Q: 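Below you'll find the structure I mean.
Predicted model, so just to flag it, every value in this text is computed and none were measured. One-based numbering along the sequence shown.
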Amino acid sequence: MVSREENELLCRVTGDAPMGRMLRQHYWLPAILSVRVRKGEAPVRVKLFGRNFVAFRGGGGQVGFLDEACPHRGASLALGRVDDCAVTCLFHGWRISARGEVLDVPNEPNNPKEFMKTVKVKSYPTREGAGLIWVWLGEGVAPPPPDFEWMDLPPEQVYTAGIELNANWLQGVEATIDSSHIALLHQSWTAASASDFGATRQNTAVGYEFEKKPYGFRAAALREIGDGSRLARVTEFVMPYYGLIPPVFGTGAMQDRTAIIAVPIDDENLIQWYIYYNPERPCDSFRRVQRANQWPMSGGLPGDRSNNWGQNREIMTAGNATGFHDIPTEDFVVMVSMGPIVDRTQEYLCSADQAIIRVRRELLDEVSRFMKGQPPKSGQGEAMSYKSIRAVGGKLASSAVDWRTLAA
């Protein structure tokens, strides 16, 4: 259980909140699907950490990421015209490049070229990968973008979907790292599966073992199975908001993989990104057609609190465990049902919540360092590489076999 003060420190990300300042300064984050930002078309509004931005793409393909408010009078640049690599504000025609340079101030009669040099416009570094535009919102020199193996895969081997949810970003992180809910919340899907994913139903009580890593930790969710073997699902938690999920069929290089990222929109809302990728071959075409570039993912929530988020009790009567049509929707509804910010002082955690406890401790430790003027130990820097991080899973012959022997 965390204290009320710790909960506030973990959850609040807007304004001068320490957690928000740390995340913005030391980590890149996925901001928007690349396909939504089209050459020469209208800028797209993006809200992150309670601040409003616009993303646009010039005719040459370069992405600009700027504060939404025009530096002149604050009109929205989302209304602007895009040409070449610049956006022009409709109000007074100020033209601003993707690099944040003021290129034209047509309403200034007195030496406009010199005047333009005095205008400060914040332009944020971007990088594209996995079908997403990534951005760094800090001050000074940007750290290198994360080099996960999905960042440079060709389009046929990686795709992304996302959804905005009325829940704090930490609820998204915790849902990703919590393996004990799989056999319970998702039981309609695990019961129908002959894979290791389905084997979670044989024992819903989860024991955890952990391995500390420079980037975060590995969380091995272990289940004893009736034949004497043990099922291991090893999730990778990468600071501060990444969860790499084990493939459903255990080990094997040919399987599609999943990474989930919880990005703060503000204190009470998040974007949950799902990256599906395969380092060895093209991704499953059927799933790709259903999911690729979905915004919102799964078509969005089918309802709100007034109708239990569209829960279908008729299909529950027929045998569906939750009344929802797919696994992501089950996760989304549970997260939102908790309310925008969970009061964690009221929780009764059990031993199956060890991964949740560890995530909170890691984040509290890192933000405490940040508040003392020290960089996070797991910050994205030149010495930190993520290319080899892969979640694994599979059956172990017995409880005596170390889960660390599982191959990615």
Q: Do Ile261 and Val173 touch side chain to side chain, with heavy atoms closer than 4.5 Å?
A: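 A side-chain contact is absent here, since even the closest heavy-atom pair is not under 4.5 Å.
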Q: Keeping to residues at least two apart or across chains, list the salt bridge (Lys or Arg N to Asp or Glu O under 4.0 Å) pairs with something in residues 69-84.
A: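 Salt bridge (Lys or Arg N to Asp or Glu O under 4.0 Å) check on residues 69-84 returns Asp83-Arg95, Asp84-Arg95.
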Q: Is the closest side-chain heavy-atom distance between Asp152 and Lys387 below 4.5 Å?
A: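 Yes, close enough: below the 4.5 Å cut-off.
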Q: Taking the side chain as everything from C-beta on, heavy atoms only, tell me whether Pro18 gets closer than 4.5 Å to Val367.
A: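 Yes - at least one pair of side-chain heavy atoms lies under 4.5 Å apart.
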Q: Using a 6.0 Å cut-off, check whether atom CD of Glu314 has over 12 heavy atoms from anything other than its own residue.
A: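 Not buried by this count: 12 neighbours or fewer within 6.0 Å.
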Q: Can the positive tip of Arg287 be found less than 6.0 Å from the middle of the six-membered ring of Tyr276, inside 45° of the ring normal?
A: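 No, Arg287 does not lie over the aromatic ring of Tyr276.
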Q: More than 12 non-hydrogen atoms from neighbouring residues, nucleotides or ligands closer than 6.0 Å to NZ on Lys212, yes or no?
A: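 It does: Lys212 NZ has more than 12 such atoms within range.
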Q: Please examine the side chains of Leu301 and Val336, heavy atoms only from C-beta on, and report whether any two atoms are closer than 4.5 Å.
A: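 Yes - at least one pair of side-chain heavy atoms lies under 4.5 Å apart.
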Q: Should the pair Glu236-Arg218 be classified as a salt bridge under the 4.0 Å nitrogen-to-oxygen rule?
A: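 A salt bridge links Glu236 with Arg218.
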Q: Is Glu174 paired with Arg360 through a side-chain N to carboxylate O contact shorter than 4.0 Å?
A: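 Result for this pair is yes, salt bridge flagged.
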Q: With sequence neighbours left out, what residues match Thr258 under side chain to side chain donor-acceptor pair (under 3.5 Å)?
A: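 Checked Thr258 against side chain to side chain donor-acceptor pair (under 3.5 Å); zero matches.
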Q: Checking Gln187 side chain against Leu184 main chain: does a donor-acceptor pair fall under 3.5 Å?
A: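 Confirmed, Gln187 side chain pairs with Leu184 backbone.
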Q: Does Ile260 reach the side chain of Ile245, with side-chain heavy atoms less than 4.5 Å apart?
A: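 The answer is yes; the side chains approach within 4.5 Å.
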Q: Going by atom types alone, do Ser378 and Glu366 pair a side-chain donor with an acceptor below 3.5 Å?
A: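 The criterion, which ignores hydrogens and geometry beyond distance, is satisfied for Glu366 and Ser378.
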Q: Is it the case that more than 12 heavy atoms not belonging to Asp16 sit under 6.0 Å from its CG atom?
A: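 Open.
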Q: Test ring-ring contact (aromatic ring centres under 6.0 Å, His included) on Phe115 and Trp94; report intermediate values, then the result.
A: CA-CA 12 Å; Phe115 174 75; Trp94 284 33; 5.8 Å; yes
Q: Any side-chain heavy atom of Leu185 within less than 4.5 Å of one from Asp331?
A: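 They are in contact (side-chain heavy atoms under 4.5 Å apart), so the answer is yes.
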Q: Would you check if there is a donor-acceptor pair between the side chains of Asp353 and Tyr208 at a distance under 3.5 Å?
A: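 Tyr208 vs Asp353: no donor-acceptor pair found between side chains.
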Q: Please determine whether a side-chain nitrogen of the Lys or Arg among Glu209 and Arg358 lies less than 4.0 Å from a carboxylate oxygen of the Asp or Glu.
A: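 Salt bridge between Glu209 and Arg358, a charged N being under 4.0 Å from a carboxylate O: no.
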Q: Can you find a heavy atom in the side chain of Ile389 that is under 4.5 Å from one in the side chain of Val238?
A: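 Contact flag for Ile389/Val238 side chains = yes.
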Q: Is there a donor-acceptor contact under 3.5 Å linking the side chains of Ser368 and Asp365?
A: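 Ser368 vs Asp365: no donor-acceptor pair found between side chains.
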Q: Run the salt bridge (Lys or Arg N to Asp or Glu O under 4.0 Å) test against Glu41 and tell me which residues pass, sequence neighbours left out.
A: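 Result, salt bridge (Lys or Arg N to Asp or Glu O under 4.0 Å) vs Glu41: none returned.
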Q: Does the pair Arg45/Glu68 count as a salt bridge with the N-to-O cut at 4.0 Å?
A: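 Salt bridge flag = yes for Glu68 with Arg45.
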Q: Is it true that Lys122 and Glu139 have a side-chain N and a carboxylate O under 4.0 angstrom from each other?
A: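 Counted as a salt bridge, because a side-chain N and a carboxylate O are separated by less than 4.0 Å.
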Q: For Glu5, what residues pass the salt bridge (Lys or Arg N to Asp or Glu O under 4.0 Å) criterion, not counting sequence neighbours?
A: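 None.
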Q: We want to know whether Arg257 and Gln255 form a side-chain donor-acceptor pair, criterion being a heavy-atom distance below 3.5 angstrom.
A: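 Not at all, the side chains of Arg257 and Gln255 share no donor-acceptor pair under 3.5 Å.
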Q: Closer than 3.5 angstrom, by distance alone: can the side chain of Thr176 be matched with the main-chain N or O of Gly172 as a donor-acceptor pair?
A: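 Yes; judged by distance alone, with no hydrogens or angles, the pair exists.
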Q: With side-chain hydrogen bond (donor to acceptor under 3.5 Å, both in side chains) as the test, would you mind laying out the steps for Thr405 and Asp402 before giving the verdict?
A: CA-CA 6 Å; Thr405 60; Asp402 192 334; over 6 Å; no
Q: Taking ring-ring contact (aromatic ring centres under 6.0 Å, His included) as the test, write out the residues that go with His92, two or more places apart.
A: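 His72.
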Q: So do the side chains of Leu66 and Tyr124 get within less than 4.5 Å of each other, counting heavy atoms only?
A: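 No, side chains not in contact.
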Q: According to the salt bridge (Lys or Arg N to Asp or Glu O under 4.0 Å) rule, which pairs have a member within residues 258-277, sequence neighbours left out?
A: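 Passing the test, one end in residues 258-277: Arg12-Asp267, Lys47-Asp266.
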Q: Are the ring centres of Tyr215 and Tyr242 closer than 6.0 Å?
A: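 Ring centroids of Tyr215 and Tyr242 are no less than 6.0 Å from each other.
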Q: How are the rings of Phe53 and Phe65 set relative to one another: parallel (under 30°), tilted (30 to 60°) or perpendicular (over 60°)?
A: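 Geometry flag for Phe65 against Phe53: tilted rings.
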Q: Would you check, one step at a time, whether the test side-chain contact (heavy atoms from CB on, under 4.5 Å) holds for Asn168 with Leu270?
A: CA-CA 6 Å; Asn168 179 261; Leu270 82 151; over 6 Å; no
Q: We want to know whether Glu128 and Trp134 form a side-chain donor-acceptor pair, criterion being a heavy-atom distance below 3.5 angstrom.
A: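 Their side chains do not contain a donor-acceptor pair, so the 3.5 Å distance test is not met.
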Q: Please tell me whether His325 and Asn312 have a donor and an acceptor in their side chains that are separated by less than 3.5 angstrom.
A: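 On atom types as modelled, these side chains do not qualify, holding no pair under 3.5 Å.
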